[in-house]
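Input: a single structure, listed below in structure tokens.
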Amino acid sequence: MTDRDRHPHDPAPSLRTLVREAVERAWVRAVESDALPAMPADQAPPEVEITRPDNPEHGDFASNLALKLARPLRRSPLAIAGAIADELRRDPAPDNPVGSVEVAPPGFLNLRVDPAAVLRAVDAALAAGPAFGRVPPMRVAASGPLHVPASGPRAAAMAATVPGPGTAAEPGAGAHAPVPATPPRPPHVNVEFVSANPTGPLHIGNARGAFVGDLLCRVLEAAGQRVTREYYFNDFGSQVRQLGASVLAIREGREIPEGGYRGAYVHDLAAELPEEILARALETGAEADAFVGRWASERVRQGIEASLAHLGVHFDVWTSEGSLYSDGWVDRAVERLQDGGWLYEQDGALWFRSTAFGDDKDRVVRRSNGEFTYFGSDIGYLLQKFDRGFDHLVYVWGADHHGTVARVRNAAQALGFDKAAVEMLLIAWVRFVRDGQEVSMSKRAGEFITLDELLEEIGVDAARWFIAARGHTSGIDFDIELAKKQSSENPVYYVQYAHARISSILRKAAEAGLAPAEAGLASAVRPAADGLASALGDDEIALGLAKLLLRLPEVVEDAAAQHETQGVTAYATELATAFHAFYRDRRVVDTADPATSRARLALVTATRITLANTLALLGISAPDSM
RNA sequence: GCGCCCGUAGCUCAGUGGAUAGAGCGUCAGGUUGCGGACCUGAAGGUCGUGGGUUCGAGUCCCGCCGGGCGCGCCA
């Protein structure tokens, strides 16, 4: 991508992306100028990786490209690195942020960012405000790692091996070819999560899935994707009938039947059941349980929606399993599988040939009694979702559902969709412990801690952080007493404190006449970029803070690519720490030196924007005082 | 038995095949007559469960073993 492809209002690419593009250009030019041999035609060129080295002596960015090229090019890594470094130093692109290049044994390229580029980027962050950190959609598929792009610098480096007429011979052909780095429209992703059946209130076991799903959505949105948040629920069948039977029994003063639901909420429902509904239910005779069940489950569903709203989780679409049948999706899906020859009958049941796609066994779609299985619903739902135009489906499931992953993805393939477009995120279990004893979360037995109760004990912000800071694959032991005790020392408050502290500084600055009063907070203090440079450009401490806040777009890219948010919480902590250190070492509000003060206020304002945007990515509040 | 996930500092957890394995909490020792002390500086603390293998390089990839969780229905 070159400068002219970018528009001022597009999400800005990360510094790392600009650096990678510069290294790719340098590699291409090194091949074109015969400083480096081209890739052997039978080998795929390696991805250009740009990393942030741990050791600051290694610069702001580093690349192992020369190490990876050593074998295929049959040259020493140091020689390759030297050739790329030479071209990098000659790069004429105006948006090249690389200020200096070093080659370090065994062959690393260590890159330093030009301070002027840092200040330009901070200025852009100030201008972007709440949009800072948003990045363009990734040029590689979100699923599947690193497919080889059909064109671009790497292809050019390969094409140079077979110099056909008018391809690589043309100077800069690779770097300046009109490569569509972003698809014509952003990918539209459906994320289905929570999806607990409305037979009882959400308990704290559901909280992890709710947070993980919502966090993923926020991250994908920041990475330029369109996201639909979807909740799938069952509004018919035996569970709902059992709920109705339980409510009815209580209302009529009978014993709750075997296998019924017993929580306090069931008694509440019985008390709230309107006379009119009760009367109509009894008129239906044998269907009374189901009738009451439908009423009760809708009532419960509304309660779930309210609980989720307290978590800051809102769904765009609620889909009932029943609608997949009444709208004909299951029938159409079955027909399509029939046509493809993926179904067969045996023992009176209808089976899907999942083994044809590597599954352990074939799976029943319709039972011999004529009823469809849950899997049957899944198949109809797949067709419905793809028909709605989604490019990618994500299912956030409990880890106990891992056995059903293969069959659903296989069914997608059999229906003619790309299996890679169907992805399951398996959320590991949360074990709830109180006084060393595991607390069971059984709705039927009525012993569980509800989500609403949990939030009274520890706030939403602390709970969100707790989940976001952990990988979704690792099991968590959640000790309720410990969590209450630790909520007051949750790192989330450390980050929020930094934000509140900056807000306070900006208020002070406004009082001192150094910043526009109301702006102090919302809009930015923006001295001209050269003003920033003269006041901050030679200050390593200020520059260090600036470079750190400019990492947010990279954090967003990584989180979206990996579907993980631990990097976001770690980054938030790191940025807060860096700010506290800056605050210790540099006086921000200083009427004796207004020029420096204004430049530092701009930097601190940019830090505040970055902290706020990072917290927003996590769905956590950014208070101005606390 | 077969399959999937997990095992990293006292605790809770990070760590896209790269350079000296990190953070928070806890512990210990320090720090403020200036913009918020819910802060800052430093220290101690690790055979990355274990044994092999792959390679220039392995906490990371492959195989075996040990320990923990989950799954293996014409249940949902």
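Each chain gets a letter, A, B and so on, in the order its sequence line appears, and its residues count up from 1.
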If we take the [atom1] atom in both [N] and [M], what is their distance in whole Å?
{"N": "B/U16", "M": "B/C11", "atom1": "P", "value": "23 Å"}
{"N": "B/G24", "M": "B/C63", "atom1": "C1'", "value": "36 Å"}
{"N": "B/U20", "M": "B/C48", "atom1": "P", "value": "16 Å"}
{"N": "B/G51", "M": "B/G69", "atom1": "P", "value": "24 Å"}
{"N": "B/C72", "M": "B/G57", "atom1": "C1'", "value": "40 Å"}
{"N": "B/G53", "M": "B/G15", "atom1": "P", "value": "28 Å"}
{"N": "B/C40", "M": "B/C61", "atom1": "C1'", "value": "42 Å"}
{"N": "B/A9", "M": "B/G59", "atom1": "C1'", "value": "14 Å"}

So which protein nitrogen or oxygen atoms get under 3.5 Å of nucleotides 6-10 of chain B's nitrogens or oxygens?
none

Closest non-hydrogen atom pair between A/G471 and A/S474, with its separation: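 Here A/G471 and A/S474 meet closest at O-OG, 3.2 Å.
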Closest to the A/N64 side chain: B/G18, B/U20, B/G24?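 Out of B/G18, B/U20, B/G24, the nucleotide with an atom closest to A/N64's side chain is B/G18.
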Closest listed nucleotide, where the reference is the side chain of A/S368 and the choices are B/C74, B/U16, B/A19: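 It is B/C74.
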Which of residues 356-367 of chain A sit near RNA chain B, with a heavy atom under 4.0 Å from it?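 Output list: A/K361, A/V364, A/R367.
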Taking RNA chain B as the partner, which of residues 342-355 of chain A come within under 4.0 angstrom of it by heavy atom?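 Per residue number, the list reads A/Q346, A/D347, A/A349, A/W351.
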Does [X] pair with [Y] as a salt bridge, N-O distance under 4.0 Å?
{"X": "A/K68", "Y": "A/E49", "answer": "yes"}
{"X": "A/D60", "Y": "A/K547", "answer": "yes"}
{"X": "A/R409", "Y": "A/E423", "answer": "no"}

With a 4.5 Å heavy-atom cut-off, do [X] and [Y] have their side chains touching?
{"X": "A/W351", "Y": "A/L343", "result": "no"}
{"X": "A/R551", "Y": "A/R16", "result": "no"}
{"X": "A/F352", "Y": "A/W342", "result": "yes"}
{"X": "A/N110", "Y": "A/V101", "result": "no"}
{"X": "A/L603", "Y": "A/F582", "result": "yes"}
{"X": "A/V364", "Y": "A/L350", "result": "no"}
{"X": "A/L216", "Y": "A/L220", "result": "yes"}

In this structure, how many angstroms lie between the [atom2] atom of [N] and the [atom1] atom of [X], rounded?
{"X": "A/E321", "N": "B/A76", "atom1": "CD", "atom2": "P", "result": "8 Å"}
{"X": "A/W429", "N": "B/C5", "atom1": "CH2", "atom2": "P", "result": "17 Å"}
{"X": "A/I541", "N": "B/U41", "atom1": "CD1", "atom2": "P", "result": "11 Å"}
{"X": "A/R407", "N": "B/C72", "atom1": "CZ", "atom2": "P", "result": "8 Å"}
{"X": "A/F466", "N": "B/A14", "atom1": "CZ", "atom2": "P", "result": "10 Å"}
{"X": "A/R470", "N": "B/C25", "atom1": "CZ", "atom2": "C1'", "result": "11 Å"}
{"X": "A/L109", "N": "B/A19", "atom1": "CG", "atom2": "P", "result": "16 Å"}
{"X": "A/Y374", "N": "B/G73", "atom1": "OH", "atom2": "P", "result": "17 Å"}

On the nucleotide B/G15, are OP1 or OP2 found under 4.0 Å from the side-chain N or O atoms that A/Q566 carries?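 For B/G15, OP1 or OP2 has a side-chain N or O of A/Q566 closer than 4.0 Å.
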Nucleotide-resolved protein contact map, nucleotides 28-37 of chain B, B/S/- at heavy-atom distance under 4.0 Å: ------BBBS
Determine if A/H401 stacks with B/G71; use a centre-to-centre distance below 5.5 Å and an interplanar angle below 30° as the criteria.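 Stack criterion not met.
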Taking 5.5 Å and 30° as the limits, would you call A/F108 and the base of B/A19 a stacked pair?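 Stacked: centres under 5.5 Å apart, planes under 30°.
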Full working for side-chain contact (heavy atoms from CB on, under 4.5 Å) between A/F372 and A/V334: CA-CA 11 Å; A/F372 282 94; A/V334 166; 3.8 Å; yes
Touch class at under 4.0 angstrom, heavy-atom based, for [X] against every strand present:
{"X": "A/H402", "answer": "base"}
{"X": "A/A399", "answer": "sugar-phosphate"}
{"X": "A/G237", "answer": "nothing"}
{"X": "A/A581", "answer": "nothing"}
{"X": "A/T569", "answer": "nothing"}
{"X": "A/N55", "answer": "base"}
{"X": "A/N110", "answer": "base"}

In a check of salt bridge (Lys or Arg N to Asp or Glu O under 4.0 Å) between A/D624 and each of A/R507, A/R608, A/R501, which one passes?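 With A/D624 as partner, A/R507, A/R608, A/R501 yield a single salt bridge (Lys or Arg N to Asp or Glu O under 4.0 Å), made by A/R608.
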Considering heavy-atom distances to RNA chain B, does A/R71 or A/H580 have its closest nucleotide positioned more toward the 5' end?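 On the 5' side of the pair lies A/H580.
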How do A/A428 and A/H58 order along RNA chain B: which one's closest nucleotide is nearer the 5' end?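 Between the two, 5'-proximity favours A/A428.
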Kindly say whether the aromatic ring centers of A/Y395 and A/F193 come within a distance under 6.0 Å.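 They do not qualify: ring centres at least 6.0 Å apart.
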Does the ring centre of A/H499 sit less than 6.0 Å away from the ring centre of A/F579?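 No, ring centres 6.0 Å or more apart.
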What pairs meet the side-chain hydrogen bond (donor to acceptor under 3.5 Å, both in side chains) rule with one or both residues in residues 361-370 of chain A, with sequence neighbours excluded?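 Residue pairs with at least one partner in residues 361-370 of chain A: A/Y344-A/D362, A/T355-A/D362, A/D359-A/R363, A/R367-A/E371.
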Side-chain (A/R75) to main-chain (A/L69) donor-acceptor, under 3.5 angstrom: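 Absent.
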Is the side chain of A/N206 donor-acceptor paired with the backbone N or O of A/L202 at a distance under 3.5 Å, no angle test?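 No.
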According to the Watson-Crick and G-U wobble definition with distances under 3.5 Å, which dot-bracket string, read 5' to 3', encodes RNA chain B, using [ ] for crossing pairs and | for pairs with another strand? (((((((..((((....[...)))).(((((.......))))).....(((((..]....))))))))))))....
State whether A/F466 and A/R464 meet the cation-pi test: NZ (Lys) or CZ (Arg) under 6.0 Å from the six-membered ring centroid, and within 45° of the perpendicular axis.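 No, cation not above the ring by the 6.0 Å, 45° rule.
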